[in-house]
Number of protein chains: 4
Amino acid sequence: MSTATATAPTAAEPRRAPRPRADALRNRERIIAAAREMFVEEGAMVPLDEIARRAGIGNATLYRHFPDRAELITSVVLAVMERVAVAAETAAAEESDAFAALRRFVYAAADERIGALCPMLSEGFERNLPELEASRDRLDGAVTDLMARARRSGQLRDDVAVGDLMVALSQLTRPLPGTACPNIDQFVRRHLQLFLDGLQAPARSELPGTAATLQDLSQMQPSAVG
Amino acid sequence: MSTATATAPTAAEPRRAPRPRADALRNRERIIAAAREMFVEEGAMVPLDEIARRAGIGNATLYRHFPDRAELITSVVLAVMERVAVAAETAAAEESDAFAALRRFVYAAADERIGALCPMLSEGFERNLPELEASRDRLDGAVTDLMARARRSGQLRDDVAVGDLMVALSQLTRPLPGTACPNIDQFVRRHLQLFLDGLQAPARSELPGTAATLQDLSQMQPSAVG
Amino acid sequence: MSTATATAPTAAEPRRAPRPRADALRNRERIIAAAREMFVEEGAMVPLDEIARRAGIGNATLYRHFPDRAELITSVVLAVMERVAVAAETAAAEESDAFAALRRFVYAAADERIGALCPMLSEGFERNLPELEASRDRLDGAVTDLMARARRSGQLRDDVAVGDLMVALSQLTRPLPGTACPNIDQFVRRHLQLFLDGLQAPARSELPGTAATLQDLSQMQPSAVG
Amino acid sequence: MSTATATAPTAAEPRRAPRPRADALRNRERIIAAAREMFVEEGAMVPLDEIARRAGIGNATLYRHFPDRAELITSVVLAVMERVAVAAETAAAEESDAFAALRRFVYAAADERIGALCPMLSEGFERNLPELEASRDRLDGAVTDLMARARRSGQLRDDVAVGDLMVALSQLTRPLPGTACPNIDQFVRRHLQLFLDGLQAPARSELPGTAATLQDLSQMQPSAVG
DNA sequence: TATGAATGAGGGTTCATTCAT
DNA sequence: TATGAATGAACCCTCATTCAT
């Protein structure tokens with residue numbers, strides 16, 4: 001990326017990414033914010049024109065920034081993942097009790113609408129982009145640390161891994177398409193808490209199957225569909 | 001279902017429902033079965049023509065049986081709800097241990113693809129149809145019984161209600177649209193087990209909000225959307 | 001195609017092309033006719049909606065018959081090629097003088113708007129469809145015969161082949177996109193006549209390059225485009 | 001072009017055209033060159049952004065020089081017409097035999113991609129611009145001279161005029177849109193030669209219709225289109 | 001002036017729904 | 001009744017053109 005010299009292009013580099021314009025950047029952020037909201041509220045299939053309208057821009061501008069829906073979804077996923085990773089790191093840093101930190105992260109992730117990440121498990125989603133893998137690894141690392149600490153303190157059962165937490169968390173907070181009823185949130189909190197209780201040590205049961213990391217999830221290939 | 005008596009036309013009602021033909025009934029069942037499969041595999045927005053094709057009938061035939069998508073969804077929800085209610089009753093009848101019965105129901109509901117019920121929470125879904133309410137009450141009653149019994153035996157925490165279980169169950173087993181990866185099932189089992197562990201008494205935390213019945217969920221009105 | 005038994009499907013063939021409906025066939029013909037006119041008048045890039053409107057049908061109906069523009073172009077090319085082949089055979093049958101037959105064919109082809117065939121030389125046009133090859137071979141055979149006869153009678157120069165005639169004929173009669181000026185036709189007649197005069201024996205010059213058949217033209221692959 | 005004197009601002013005309021900057025002129029030429037190439041390769045409907053990119057400039061710069069596609073086409077037509085006129089004059093000057101000069105011109109025009117002139121016959125093309133008429137007259141004059149000389153020498157038939165030659169020449173060399181197959185050129189040479197043979201005296205037939213000048217062609221108004 | 005970005009209008013295509021056989 | 005066909009509305013996307021840097 002040559003970030004150091006990026007702002008001073010020499011004659012040897014003729015016109016290479018000549019500094020993104022301020023309003024373009026602002027538009028890009030607006031689009032991602034609008035898309036995140038609408039993905040959460042309406043599902044990943046909302047008309048892109050609606051997103052553009054919510055972002056207050058023309059439809060073609062959206063296409064300039066994100067050539068197709070996949071690109072937009074990827075960018076939203078990236079943005080959410082970053083925010084959730086930050087939440088995990090913040091929880092670890094600011095909470096002294098290990099399980100309290102885990103709980104705080106879970107609620108923070110819900111607030112960040114982590115359910116918006118679920119399109120990344122869909123068919124056709126490109127899981128292997130470098131940026132995405134980097135962000136995923138960052139999130140994975142932060143949550144792994146949170147869980148390891150809780151496990152060391154004897155509060156988290158041994159037989160669960162990051163994948164268990166993240167997928168259940170995503171599913172439990174997943175938005176109902178077409179349902180923008182705010183009441184649902186209070187129920188989600190209860191489900192999360194019950195799930196957290198189930199995560200506590202000592203384990204009250206033996207889990208079927210095996211634990212999974214985020215990488216495992218990323219590797220899962222969707223089966224062919226007729 | 002009780003179709004035998006319900007449709008028997010008396011002499012006083014001249015031809016109100018002129019006897020559904022055998023093949024028509026078979027078609028109706030085929031459509032519902034195909035729709036349930038495809039809702040689970042592809043989401044509730046699959047093209048109706050695809051459902052018709054999977055059911056092996058013409059598209060217009062589908063419309064004869066179900067005038068629009070909502071009708072079809074309602075019928076599928078009804079069918080699933082019936083099957084899940086039966087599963088609850090069976091679990092109660094055949095399992096001696098109260099929490100084992102609850103667990104068996106949870107897994108049976110997962111097998112019945114209870115996640116396909118989630119469209120009933122969507123905007124535009126008509127929750128107040130008599131048939132639907134009857135079926136919902138039956139399911140509610142059966143699960144309430146299961147939970148009451150488990151609570152009486154001291155195995156289920158006091159602060160949870162049917163709505164908590166059913167919504168979380170639906171969410172955790174909810175299919176990923178466009179993702180037909182079978183691996184996901186093994187993870188779902190783990191999540192359900194962890195959730196069940198969180199349901200056990202003694203309660204390991206104090207739940208936020210209040211417990212909800214299925215009736216409460218049905219009353220929730222989706223907020224207006226621009 | 002099993003045309004003989006097509007109207008009486010046995011139980012052994014469950015629903016295989018259950019007889020095309022009369023109005024569907026009529027629509028198909030209307031679309032092809034409208035498309036041919038508009039391709040000739042406006043070029044191959046006319047909006048398909050315009051074709052549908054000219055054909056007096058809805059736009060989606062056009063897509064039911066021809067899934068994309070390529071399919072439609074292929075069908076139009078086929079139809080024109082058939083008509084032109086018939087014209088060649090008719091000219092051969094009804095004209096006693098060999099060169100007169102050739103001339104009659106050339107003018108008939110112009111009247112059939114053979115210039116509408118030119119899209120078949122465009123990039124992305126699928127040249128290798130069986131039906132297309134059959135039609136092309138029929139046309140090639142008919143014109144080859146016409147030319148052979150004229151050559152035997154000493155009226156046609158030896159160094160020209162079917163490809164020379166057909167491509168020049170297509171180009172000279174090619175419609176000007178956006179130009180529906182009828183005056184142009186009288187000029188086209190002059191050009192065709194001049195070209196025919198150039199085809200007469202004895203040859204007034206030595207032609208560069210080599211003669212080409214229609215097959216040769218079909219084999220030409222368009223080079224990659226940046 | 002006579003740019004030197006035409007744009008020299010006198011003291012009486014205060015800054016009517018404030019001296020075109022060197023790089024602006026260079027850009028203008030680049031655009032025309034790029035447009036000519038792409039019109040020939042891809043047809044007159046290529047996206048203007050593509051032309052700008054091929055020319056190595058921004059899209060808005062193209063619009064500064066040519067407010068719309070029509071202006072650009074006009075300029076390209078002008079440029080090509082100039083080059084073809086020069087070719088005609090050169091052929092007349094350097095070739096002693098009259099018909100050889102005509103033949104040389106025909107091939108030179110093909111090399112100059114005279115087929116790129118065909119948009120000038122399209123609907124919406126503004127034929128009556130002074131510059132265009134001047135250029136057209138120059139070309140007309142040069143070709144008329146060539147033909148007159150060949151006619152005087154008894155090598156060119158009497159019943160053809162400039163319009164016959166130029167339109168046929170344009171059509172026969174016209175590029176196939178989307179087809180950049182180089183093989184076609186060898187065939188074009190054959191067609192041109194055959195056409196030239198048809199032009200030779202003595203006339204082998206009587207031509208239908210009447211001969212046309214370039215002016216006649218310019219006068220032809222496209223008929224109204226639905 | 002040259003440029004990247006923004007935009008609205010329009011074309012291609014799909015899909016829920018209706019029609020006619 | 002069951003069906004293939006027809007339809008228009010809506011979505012995605014492109015492109016000519018304008019705006020702001």
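Labels below follow one simple rule: chain letters A, B, ... track the order of the sequence lines, proteins then strands, and each chain is numbered from 1. Quick caveat: nothing in here was measured; it's all calculated off a predicted structure. In what follows, every heavy atom counts, from backbone to side chain, and hydrogens, waters and symmetry copies are set aside.
The listed nucleotides are F/dC12, F/dA16, E/dT13; the one nearest the side chain of C/Asp49 is E/dT13. Looking at the side chain of A/Ala24, the nearest of the listed nucleotides E/dA5, F/dC13, F/dT18 is E/dA5. Which of E/dG11, F/dC13, E/dA2 sits closest to the side chain of C/Pro47 comes down to E/dG11. Among the nucleotides F/dC13, F/dG4, F/dT17, the one closest to any side-chain atom of B/Asn59 is F/dG4. Between F/dC15, F/dG8, F/dC19, one nucleotide has an atom nearer to the side chain of A/Ala60 than all others, and that is F/dC15. Among the nucleotides E/dG4, F/dA6, E/dG12, the one closest to any side-chain atom of C/Thr61 is F/dA6.
For the pair B/Arg53 CZ and F/dG4 P, the interatomic distance rounds to 12 Å; values are reported in whole Å. Between the C1' atom of F/dA16 and the CD1 atom of D/Ile73 lies a distance of 13 Å, rounded to the nearest Å. Atom CD in D/Glu71 sits roughly 16 Å away from atom P in F/dA16 (whole-Å rounding). Protein atom CD1 of B/Ile51 is 12 Å distant from nucleotide atom C1' of E/dC15, rounded to whole Å. Here the P atom of nucleotide F/dC11 and the CE atom of A/Met38 are 11 Å apart, to the nearest Å. With rounding to whole Å, B/Leu25 atom CG is found 15 Å from F/dA2 atom C1'. Atom pair C/Phe66:CZ and F/dA5:C1' shows a separation of 14 Å (rounding to whole Å applied). The distance between atom OH of A/Tyr63 and atom P of E/dA5, rounded to the nearest whole Å, is 19 Å.
Between E/dA6 and A/His65, a contact under 4.0 Å exists linking OP1 or OP2 to a side-chain N or O. In terms of phosphate contacts, C/Arg64 brings no side-chain nitrogen or oxygen within less than 4.0 Å of OP1 or OP2 of F/dG4.
Across all strands shown, E/dT3 is found opposite F/dA20 as a Watson-Crick or G-U wobble partner, with both distances under 3.5 Å. Across all strands shown, the partner of E/dC15 is F/dG8, judged by Watson-Crick or G-U wobble contacts whose two distances both fall under 3.5 Å. Across the strands present, F/dC13 finds its partner in E/dG10; the criterion is a Watson-Crick or G-U wobble pair with both atom distances under 3.5 angstrom.
Residue-to-nucleotide proximity on DNA chain F shows that, of A/Asp68 and C/Gly56, the 5′-proximal contact is made by C/Gly56. Comparing D/Leu48 and C/Leu62 by the nucleotide of DNA chain F whose heavy atom lies nearest to each, the residue mapping closer to the 5' end is C/Leu62. Nearest-nucleotide positions on DNA chain E for A/Ile57 and C/Asp23 put A/Ile57 closer to the 5' end.
Contact of the C/Leu72 side chain with the C/Phe39 side chain is registered, since non-hydrogen atoms from C-beta on lie closer than 4.5 Å.
Within 4.0 Å (heavy atoms only), D/Asn27 reaches sugar-phosphate atoms of the nucleic acid but no base atom.
Rounding to the nearest 0.5 angstrom, the gap separating the CD1 atom in C/Ile51 from the CD1 atom in C/Ile32 is 11.0 Å. Rounded to the nearest 0.5 Å, atoms CD (C/Glu41) and CD (C/Glu50) are 11.5 Å apart.
The nearest pair of heavy atoms linking A/Ile31 to A/Thr61 is CD1-O, 4.4 Å.
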task = Dump the intermediate steps for side-chain contact (heavy atoms from CB on, under 4.5 Å) on C/Leu48 and C/Tyr63, then the final yes or no.
result = CA-CA 9 Å; C/Leu48 296 187; C/Tyr63 282 90; 3.4 Å; yes
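Side-chain atoms of B/Arg69 come within 3.5 Å of backbone atoms of B/Val46 as a donor-acceptor pair (strictly under, hydrogens ignored).
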